[in-house]
Amino acid sequence: MTADRKAILSVQNLTTCFRTDRGVVRAVDDVSFEVFPGEVLGIVGESGCGKTVTSKSVMRLLPERTSFFAPGSRMLFRPASRSAPDTPGNAKDTLPREVDLASCDDATMRRVRGARIAMIFQEPMTSLNPVFTVGWQIEEALKYHTNLSHEQRRARVIEMLKLVEIPNAERRAGEYPHQLSGGMRQRVMIAIALCCEPELLIADEPTTALDVTIQAQILQLIEGLRRRLGTAVMLITHNLGVVAQVCDRVMVMYAGRVVEQGGVHEIFRSPRHPYTAALLSSIPKAGKREAGRRLPIIPGIVPSLFDLPKGCRFQDRCAYRQDRCVNSEPTLDTIESGPTGETRLVRCHFPVAAVSTPRSAGSAT
Amino acid sequence: MLSFILRKLLASIPVYLGIVLIVMLCLRVNDPVQAYLGKSASPESIAAQREKMGLDEPFVSQYVSFIGRIVTLNFSEESWERKQPVGEILASAVVPSLAITVPALLLTTIVAIGIALLSAYMRGSITDKALMFAAVLGMSISLLVYVVMGQYFGAYWTAQQGLDVFAISGYEPVHESVPGNWIRYCLLPVIITVILTIGYDTRFYRAVMVEETGRDYIVTARAKGATKPKIMFVHMLKNAMIPIITHVMITLPFLITGSIVMETFFRIPGMGQTLITAINSKDFPLIQAFTAVFAAIFIATNILTDVLYALVDPRVRLG
Ligand SMILES: Nc1ncnc2c1ncn2[C@@H]1O[C@H](COP(=O)(O)OP(=O)(O)O)[C@@H](O)[C@H]1O
Ligand SMILES: [Mg+2]
C-alpha cells in the first residue's frame, strides 16, 4: 500500500454543495483521498459528518437539481482495462484510462455505475424494488453492462446468488424482496453490486440496519468476496470495531472535513486527532477491566453546516481547545509516515501526542 | 390466482345480500304505492297495485323472491311509469352512458399518465410548471362554461362555418344511425368530460410519480447504471400502477351510471337520466332494479381491483 501503486480512485479537493432554503451548504468540504486496487478504505465519523454525501458524490447519485460540486473538485477514476470478450464482467464498451467523475457526461457515468463502481446501501429493506423479482433485479445490471445472452445472464444470476451464500439460489431468484429477510436482501444487494465485477465497491453502512449476528455475517461476506475478487472497497461506517476488523486505511470525517487519515493500525494504536481519540475511547474493549464502567461518550453534537465555527470545527467538543483553535481552522497536514510507510494526515493545531495507548478526550468519566 | 378470485367472490356474497336487504328496507319505509299514486288514490287501487307488485306479501318472501330474480337475471318487472320491463329500460340506457364515459375515461387516463410522467420527469422545469398550471386552470373553470362554450363555438359556430363536426345535443342509437353521426353526438360530451377530469387526475398521478422518485429503489436503479427512461417507465411506473389502478377502479361503477349532469345538458338518454326520471316519477320497480344492479357492479369492480392489485403487486399476490 505504498504511493507507487496507482490509485484506482483519486478524489481531489471534493467539495459537494447543496442549495437549501437557507443558502448553500458544503456538506463535503475539500476532501481528498485515494483508493488503491484491492484495499479496504474505511470512512468513519458520526452521523451527519458527510460520509454518505462523499460516497454518493463518487457515484453521482445526489439530487441533480439541488447539489453541485464546487469548481476544482476532481474525482479521477482509473478503470482497469478489460479484454476477455465473454467473461461475465466484460463491459459492453471500454472506458478511457482515466475518467474525472466530477465532470464526465452522464453517459460515461452510467457506464461506470454498476459496472466499474458499485454501491450498496444502509437500508436493505427499501433498497430493492418491491415489484420485481430479485433475479430480475440482478439481471438488470448485467443487461446494462454486458453482452451476455439471456441464458448466460440467468446462469450468472444463480452463480451470484450462490456467491453471496443464499441457499436455494434457483428458487430465491424467482422471489420478491418482501419474501426475504433483511440480511438476505443485503446479500442480494451485494450480488447486484458485484455481478459485473466492479473495481470498486462502495458500502455505505451496509450492516447498520441489521441484527448484530447478521452484521458479522455480512461483513465476513464482503471481506471474503474482496479477497476472492480483488475488489477495492470503500467501507463507510460509524462503527470503529468494524474498521479494525476489515479496513487497511481509515479516513475520519467531521462536519464535512477530513480530520485524520492513515493506516488502520497506526490510527488505532495512536490516534492523533482529539476526535479520533474520542471515537476510539468510546468503543468497548474486550478483556479489559471495564465491566460496570460506563463508556465515555463524546459530549455535544456535530455543528450544523449552517453555522460552522470560524476556527476548528471540533472546538466545542474538544478537551484540548486553545485560543488558536477558536480563531483559525487548522489545515490537513502530513505529520508522519508510519512504519509501514503510510502517510498520516491530521487536521489539528495541537495533535494528541503519539503514544502507544490512546488517550481519551472530552469529559470522559 | 383462480382460488384468489373465488375467495373474493365468496366473500362478497354476504355483502351483496346485505346491501340488497338495506335497499329494499329503505324503499319500503314509506309505502311506495301510496307515494306513486298520490294522496287522492282510492284504497282499492292502492291495494290492487300492492298485490300486483307482491308488496302485500311478508317482507321475507319479497326479499327471497327479489334475490331469486337477481340470480336468474330476471328483470321483467314492469316500470310503473314507462310500462316496459325494467331490464329492457336499463339495457337500452346503458349503451349511451358507456358511449360517453368509456372513451372519456380511457382518454383521460392515458393522457393524464403521460403528462404526469413527463411532468415528474422534468420536475421543476418550466414545462412542468406550465403543465401543472394548465391542470389547475382546467379544474377551476366551471362545467357550465365548457358546456356553453362547447355548444356555442364547438357545435353551433362550426356548423355556421359549414363544418358539421359536433352535434349540439341529443343522441341516436348506434344501430339506427350512420356511424359518423353517432360519433358526432358523443364527441362534445366526451371532450368536456375529459377536460373536466384530466386536471385532477394529472395532478394526482404526478404526485404519485413524484413520491416514487424519492424511493430508495430508484437510487439503487441509478447505482446500477439504469437510464432515466428505464427508471421512469420500468421501475417507477410499475410501482405507481398500484395507486393508479385504485384511482381508475373507483370511477368504474360510475361509467355505467353515467354522468347525470352531462346526460342532462346534452339530452343523452343514459343511465343518469333514467335514474333521475325514475326518482322524480317515484317509479319503484325501476329504482329498486337500478340500485340492485349498481350494487352488483360496484362489488364486481372491487373484486376486479383486487385482482389487478395482485397482478401488479407481489406483496398482495403472495400474501
Ligand atoms: N440532499 C441534501 N440537501 C441538503 N443537505 C443535505 C442533503 N443530503 C445531505 N445533506 C447534509 O449533508 C450532511 C452530511 O450528511 P451525510 O453525508 O448523510 O452524513 P453521514 O456521515 O451520516 O452519512 C448533513 O448535515 C446533511 O444534513
Ligand atoms: Mg450516512
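Letters A, B, ... mirror the listed sequences (proteins, then strands); counts begin at 1. Note that the structure is a prediction, hence the values are computed from the model and not measured.
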Specify which of [options] makes the most heavy-atom pairs with chain A at under 4.5 Å.
options: B/Thr227, B/Val219, B/Asn239; answer: B/Asn239
options: B/Ala226, B/Ala221, B/Gly124; answer: B/Ala226
options: B/Val234, B/Ile218, B/Val312; answer: B/Val234

Counting only heavy atoms not in [X], do more than 12 fall under 6.0 Å of its [atom1]?
X: B/Lys238; atom1: NZ; result: yes
X: B/Tyr16; atom1: OH; result: yes
X: A/Arg110; atom1: CZ; result: yes
X: B/Ile126; atom1: CD1; result: no

With chain B as the partner, which of [options] has the greatest number of non-hydrogen pairs under 4.5 Å?
options: A/Ala107, A/Pro130, A/Ala118; answer: A/Pro130
options: A/Met119, A/Arg65, A/Glu175; answer: A/Arg65
options: A/Lys56, A/Gln137, A/Met109, A/Arg60; answer: A/Gln137

For the atom pair CG (A/Leu62) and CZ (B/Arg222), what is the distance rounded to the nearest 0.5 Å?
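If we round to the nearest 0.5 Å, A/Leu62:CG and B/Arg222:CZ are 8.0 Å apart.
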4.5 Å side-chain heavy-atom contact, A/Glu140 and B/His235
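They are in contact (side-chain heavy atoms under 4.5 Å apart), so the answer is yes.
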Anything in residues 179-190 of chain A with a heavy-atom distance to chain B below 4.5 Å? Please list those residues in order.
A/Gln179, A/Met189
Going by atom type alone, with no hydrogens or angles, which donor-acceptor pairs under 3.5 Å involve a side-chain atom of residues 121-128 of chain A and a protein atom two or more places apart or on another chain?
unit_1, atom_1, unit_2, atom_2, d
A/Thr126, OG1, B/Asp216, OD2, 2.5
A/Ser127, OG, A/Glu123, O, 2.7

Taking A/Tyr144's backbone N and O only, do any of them form a donor-acceptor pair with B/Lys224's side chain (distance below 3.5 Å, no angle check)?
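Checked: no pair found.
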Side chain / backbone / both / neither for B/Arg123 at chain A, heavy atoms under 4.5 Å
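For B/Arg123, the contact with chain A is made by backbone and side chain together.
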